[in-house]
Amino acid sequence: MRYLPLTSDDRTAMLATIGAASIDDLFADVPAEARLEGPIAGLPDHASELAVERHMGALARRSRAAGEGPFFLGAGAYRHHVPASVDHLIQRGEFLTAYTPYQPEIAQGTLQMLFEFQSQVARLLGTDVANASMYDGSTACWEAIVMARRITKRAKALLSTGLHPHYRSVARTMAKYTGDVLVDGDPRLEAGTDWAALADSIDKDTSCVVVQYPDILGRIDDMTKLAEACQAAGALLIAVVTEPVALGLIKSPGEMGADIVVGEGQSLGVGLQFGGPYVGLFACKTKYVRQMPGRLCGETVDANGKRGFVLTLSTREQHIRREKATSNICTNSGLCALAFSIHMTLLGEAGLRQLAAINHGRAKAAAAELAKVPGVSVLNNSFFNEFTLLLPTAARPVIHKLAEKDILGGVSLGRLYPDNAGLENGLVVAVTETVTEADISAFAAALKEVLA
Amino acid sequence: MTALNRAGWRPEMNAAGGADDSTTFTGNRALMLEEALIFEIGGSETTGVDFDEAAPAADLGALARTAPIGLPGLSESETVRHYTRLSRQNYAIDLGLFPLGSCTMKHNPRLNEKVARMPGFADVHPLQPQETVQGAYAVIHELAEWLITLTGMHSVAMSPKAGAHGELCGILCIKAALEARGEDRRVILVPESAHGTNPATAAFAGFTVEDIPATEAGRVNLEALKARLGPDVAGVMITNPNTCGLFEREMKAISDAVHAAGGYVYCDGANFNAIVGRVRPGDLGVDAMHINLHKTFSTPHGGGGPGSGPVVLSAALAPFAPLPFVTKHGDDFRLIEEENAGEDHPQTFGRMTAFHGQMGMFTRALTYILSHGADGLKQVAEDAVLNANYVLRSLEGVLDAPFAASGPCMHEALFSDKGLAEGFSTLDIAKGLIDEGYHPMTVYFPLVVHGAMLVEPTETESKAALDQFIGALRSIAMRAKNGDPALKTAPHFAPRARLDETLAARKPVLAWEG
Ligand SMILES: Cc1ncc(COP(=O)(O)O)c(C=O)c1O
């Protein structure tokens with residue numbers, strides 16, 4: 001077996017050193033009734049690289065890759081062009097095959113990268129500090145709600161109806177068992193957000209208000225007033241960003257007063273990967289840092305006075321505090337954070353702004369073109385690179401008919417809200433820099449045919 | 001570049017620090033290269049990405065970003081150099097033996113990376129129409145079948161994002177099962193030797209955590225456990241093989257006792273690598289167990305993640321498993337999510353994460369499993385256990401091995417700091433290993449052993465590599481027993497000397513403030 005270096009002579013010699021007659025002696029503590037003799041039945045034996053690659057390649061070909069044709073899906077996962085050097089650099093063995101930097105003297109590469117990542121994320125989201133990553137946006141969102149409960153000592157969270165339904169589901173699952181109270185609902189097919197109504201429903205029991213920006217229907221809005229309302233009532237404003245590229249063009253949630261900003265960082269560096277691994281962003285104001293979940297990297301000096309970085313404030317974490325920890329997270333999304341950070345470094349501020357502007361411009365062009373299809377209109381009065389189309393019929397079957405024409409034409413609200421027939425004509429369409437003008441024309445033409 | 005020296009380092013400070021009398025102009029020392037922060041070398045107008053078109057004008061009114069963001073950019077050549085230089089300040093499995101106990105730092109095969117990057121896996125959106133993602137569902141299903149067969153369990157929840165998330169999944173299944181029985185049991189029992197995520201998870205899900213005492217031999221005290229079981233106990237979380245590197249011989253009796261008292265058995269499967277192909281947790285009465293794909297099935301640890309933590313479940317807990325999951329119908333696969341769960345899976349506790357879990361880890365783990373096959377996986381466990389016992393027996397004469405008399409260890413060998421010279425600690429041994437060119441073992445875990453050193457060599461080390469490591473550790477142990485003062489200031493040859501963690505925590509600098 002190509003990954004196992006011991007020879008049978010080695011094994012014999014080592015058993016002799018140990019003083020065991022056979023390998024079975026080393027498993028003597030396993031009770032006889034639980035011991036398996038021989039390999040487990042019904043499973044194949046080892047295989048060559050070639051054979052495994054062939055098998056996996058055949059499975060890969062059973063899916064239609066996004067890059068094979070016109071592609072317009074978003075709703076929390078976006079297809080952006082990732083520069084070639086990103087994937088090259090994250091495959092450096094010193095990054096790929098290291099682990100959590102517990103021994104800082106020989107992990108400065110990972111630690112400095114994390115410090116840079118935290119700094120980039122904090123600046124992008126408009127907050128003071130960010131942590132070293134969470135699993136993904138949806139779990140980061142729940143952790144933010146829990147953190148707000150700890151800070152405010154209140155347990156009622158108001159979720160905007162524009163929050164991604166999967167994020168809402170995760171929160172609902174957890175709240176069932178933790179005693180948190182969630183006030184939530186499905187979005188309405190309206191041009192603007194529900195934030196004004198949310199501000200009115202804050203009361204003395206409210207721990208936090210959770211809004212998504214841009215929201216699940218692609219709408220963007222100013223959260224300044226909502227932040228003021230939260231502050232006046234002693235509640236926290238949590239903003240969720242699932243498309244960080246947007247922040248190259250529009251104001252950050254932190255600038256508008258959000259207390260905690262979480263997000264999905266997949267757009268930069270990570271790729272679609274059928275939903276994971278992604279990278280959760282988690283950022284907040286300095287005054288809340290000791291209530292944060294997850295790992296934090298900080299600057300310090302070594303015994304010779306040289307600058308260096310370490311994991312810090314770990315008295316918040318499970319390995320020190322056990323049942324009193326702020327979260328149970330241990331392994332996070334380190335390598336995806338690295339990919340995010342490299343992509344962001346390549347872009348820089350100028351590149352990010354340009355990328356964002358191109359996305360927005362492309363989306364506006366697509367919205368205009370698609371709105372020309374008879375019976376189709378655009379719901380939003382504002383958007384970044386994603387908007388909601390209203391079709392004259394249920395969108396879900398339309399999606400399947402478009403797929404037959406080799407066009408992946410967005411995410412139907414029927415898929416996201418299967419129990420809400422009132423939303424079934426909605427289609428969420430994302431348009432990034434990877435979409436060409438020809439793709440847009442092909443989509444519009446196919447949509448026209450399907451609806452005819 | 002001035003900020004390279006933000007900490008106020010001066011050449012004369014070397015006198016205090018001792019070892020460093022070879023100052024260079026750059027601060028570099030041949031292949032040991034210093035690297036500034038991107039914030040010190042990048043510019044707001046510099047970019048490493050070219051676009052085919054100019055930025056079109058936007059009319060976003062008051063929402064338009066006007067103030068600078070403060071993000072530095074680098075050209076591609078500078079970017080490649082920056083991260084390559086940083087990478088060289090890291091230790092990694094690719095460089096040598098990485099005996100970090102409980103973390104299973106085994107070789108990461110590169111075929112797995114190649115496969116994960118096939119467009120049909122890497123460039124697929126989680127919400128694509130089901131007929132366009134049959135290959136992705138096929139991978140999830142095929143891996144699920146392997147995990148079920150290897151563990152002898154009833155079913156598996158694939159979506160948890162890492163081990164701790166898997167623990168949460170199992171604990172929520174237990175909560176949901178108790179609720180379905182109309183019982184409100186509040187206590188989860190966890191041994192003191194457990195990983196911190198176990199009590200943290202139970203508490204995160206709203207349970208009260210209580211300790212299970214251990215025996216002198218380093219295992220769960222069955223009698224004490226039985227005495228504590230009762231109508232308020234929801235279940236236990238037991239790690240097997242445990243964090244002392246020992247197999248819990250009485251696991252079946254533990255499970256039977258917990259079940260008889262109306263509770264459930266969660267098994268932390270972080271150490272499955274020791275028994276894969278040789279023991280099935282399903283035969284030991286386990287109700288739920290997470291498998292860290294980043295440990296046993298070698299998906300790369302990536303400097304801290306990502307991981308993946310599928311949870312195998314007993315028939316008793318399977319009905320409560322989270323959404324979504326994949327089912328097979330003839331040659332086709334179907335995703336069970338919120339909309340169709342009503343008919344097929346009505347008792348689910350709900351969703352734990354957006355989308356479907358760590359697909360990129362599934363492709364790697366399945367590739368690893370197919371490469372090994374049933375025979376290879378069994379050999380994995382055997383070699384992992386053989387290597388650990390070889391380390392244990394080769395070093396028990398120099399380092400105190402508190403459970404050496406308890407029988408063979410499983411895949412990791414545990415030592416304590418007993419017998420070191422006055423003023424010398426486990427930390428000094430760890431830092432000494434760094435100078436010898438190794439990543440230290442896990443230190444100060446498990447908590448039940450004073451100054452614990454948990455050594456997990458894994459099966460992907462050759463005998464020659466083990467012999468050299470044993471020699472190095474023996475030499476450092478002797479230095480610590482003889483009170484060699486140079487060990488107190490180790491490492492001397494690493495990119496940094498010991499770092500001031502107290503300063504970092506007292507005055508946290510968590511982001512660039514320049
Ligand atoms: C024994 C044990 N349990 C649980 C965990 C948690 O797993 P993860 O880090 O994947 O969340 C770990 C790993 O770090 C572990 O060693």
Side-chain angles (χ1 to χ4, degrees), chain A residues 1 5 10 26 29 34 39 43 45-46 60 62-65 73 89 92-94 97-100 105-106 108-110 119 129 135 138 166 169 173 273-277 298-305 307-308 312 318-319 322-323 325 328 331-332 334-335 346 348-349 351 354 357 361 418, chain B residues 7 9 13 17 44 47-48 55-56 71 73 83 86-87 89-94 115 118-120 123 125-126 132 135 161-162 164 196 199-201 203 209 247 283 301-307 339 350-351 354-355 358-360 373-374 376 390 408 462-463 494 496-497 504 509-512:
Chain A
M1 211 287 127
D10 290 337
L26 302 181
D29 284 330
L43 296 174
D45 278 347
H46 65 276
R62 285 188 68 181
S63 292
R64 196 277 211 182
L73 277 76
L89 289 167
R92 291 276 311 180
E94 302 92 328
T97 75
Y99 200 18
T100 309
E105 298 87 352
I106 47 169
Q108 286 299 304
T110 293
S119 306
V129 292
Y135 304 134
S138 69
H166 287 184
S169 291
T173 296
Q273 304 198 79
F274 201 57
E299 184 183 321
T300 187
V301 293
D302 78 353
N304 297 322
R307 178 175 71 190
T312 193
Q318 46 76 26
H319 61 286
R322 301 177 74 83
E323 66 270 21
N328 68 339
T331 296
N332 56 24
L335 199 71
L346 281 163
E349 177 140 355
Q354 189 168 354
Chain B
W9 174 85
M13 287 176 75
S44 62
T47 182
L71 293 169
Y83 291 99
L86 286 187
S87 75
Q89 299 183 16
N90 274 357
Y91 192 86
I93 304 170
D94 280 2
V115 166
M118 290 175 173
D123 191 24
H125 191 286
T132 69
K161 295 273 182 181
T201 298
V209 179
F247 193 84
D283 296 334
H301 285 71
E339 63 180 307
R351 177 181 281 277
F355 312 128
Q358 307 284 63
M359 183 66 189
Y390 186 64
S462 68
K463 179 167 178 296
R496 286 293 177 276
V509 179
L510 306 172
W512 174 252

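So that the names make sense, note that chain A is the first sequence line, chain B the second, and so on, each numbered from 1. The structure displayed is predicted, hence computed values, not measured ones.
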Counting heavy-atom pairs under 4.5 Å with chain A, which one of B:Pro408, B:Ala200, B:Gly360 comes out on top? B:Ala200
Closest approach of A:Arg322 and B:Pro199, non-hydrogen atoms and distance? CB-CG, 3.7 Å
Mind ranking B:Ser87, B:Ala164, B:Pro119 by heavy-atom pairs under 4.5 Å with chain A and telling me who comes out on top? B:Ser87
Using a cut-off of under 4.5 Å on heavy-atom pairs, state which of A:Gly298, A:Gly276, A:Gly348, A:Ser138 scores highest against chain B. A:Gly276
Search all heavy atoms of A:Glu323 against all heavy atoms of B:Val209 and return the closest pair with its distance. CB-CG2, 3.9 Å
From CD1 (A:Ile106) to OH (B:Tyr91), nearest 0.5 Å: 7.0 Å
Go through B:Gly376, B:Ala504, B:Ser462, B:Gly350 and name the one with the most non-hydrogen pairs under 4.5 angstrom from chain A. B:Ala504
Judged by atom type as modelled, is there a donor-acceptor pair below 3.5 Å linking the side chain of A:Asp29 to the main-chain atoms of B:Phe247? no
Verify the distance criterion only: is there a donor paired with an acceptor across the side chains of A:Arg64 and B:Thr132 at less than 3.5 Å? no
Which one, A:Glu94, A:Arg92, A:Met1, leads in non-hydrogen pairs under 4.5 Å with chain B? A:Glu94
Does the A:Asp45 side chain pair with the main chain of B:Gly373, one donor and one acceptor, at a distance under 3.5 Å? no
Using a 4.5 angstrom heavy-atom cutoff, name the option from A:Ser63, A:Pro418, A:Gly275, A:Ser169 with the most pairs to chain B. A:Ser63
Less than 4.5 Å apart, any side-chain heavy atom of B:Leu510 and any of A:Thr312? yes
Looking only at A:Thr100, A:Asp10, A:Asn332, the option with the highest number of non-hydrogen pairs under 4.5 Å against chain B is A:Asn332
Of the listed B:Ile93, B:Asp283, B:Asp123, B:Val115, the one with the largest count of heavy-atom pairs under 4.5 Å with chain A is B:Asp123
Correct closest heavy-atom pair for A:Leu43 and B:Ala374 would be CB-CB, 3.7 Å
A:Thr331 side chain to B:Ala162 main-chain N or O, any donor-acceptor pair under 3.5 Å? no
B:His301 NE2 to A:Tyr99 OH distance, which is reported to the nearest 0.5 Å: 4.5 Å
Which pair of non-hydrogen atoms, one from B:Asp94 and one from A:Gly93, has the smallest distance, and what is that distance? OD2-CA, 3.2 Å
Relative to chain A, which of B:Glu339, B:Met118, B:Met359, B:Arg351 shows the most heavy atom pairs under 4.5 Å? B:Arg351
For the CG atom of A:Leu346 and the OG1 atom of B:Thr47, what is their distance to the nearest 0.5 Å? 7.5 Å
What are the two closest non-hydrogen atoms of A:Leu335 and B:Pro306, and how far apart are they? CB-CD, 3.9 Å
What one should report as the nearest heavy-atom pair of A:Ala65 and B:Gly120 is CB-N, 4.3 Å
Pairwise distance CG(A:Leu73) to NE2(B:His125) - rounded to 0.5 angstrom: 5.0 Å
I need the residue from B:Gly305, B:Gly307, B:Gly73 with the largest number of non-hydrogen atom pairs under 4.5 Å to chain A. B:Gly305
For the aromatic rings, using the six-membered ring if either is Trp, is the centroid distance between B:Phe355 and A:His166 under 6.0 Å? yes
Most contact-rich option vs chain B, by heavy-atom pairs under 4.5 angstrom, among A:Ala325, A:Ala34, A:Gly361, is A:Ala34
Between B:Leu86 and A:Thr110, does a side-chain contact (heavy atoms from CB on, under 4.5 Å) hold up when you go through it step by step? CA-CA 7 Å; B:Leu86 286 187; A:Thr110 293; over 6 Å; no
For A:Ser119 and B:Ala511, indicate whether the former's side chain and the latter's backbone hold a donor-acceptor pair under 3.5 Å. no
What distance separates A:Gln108 CD from B:Arg496 CZ, expressed to the nearest 0.5 Å? 5.5 Å
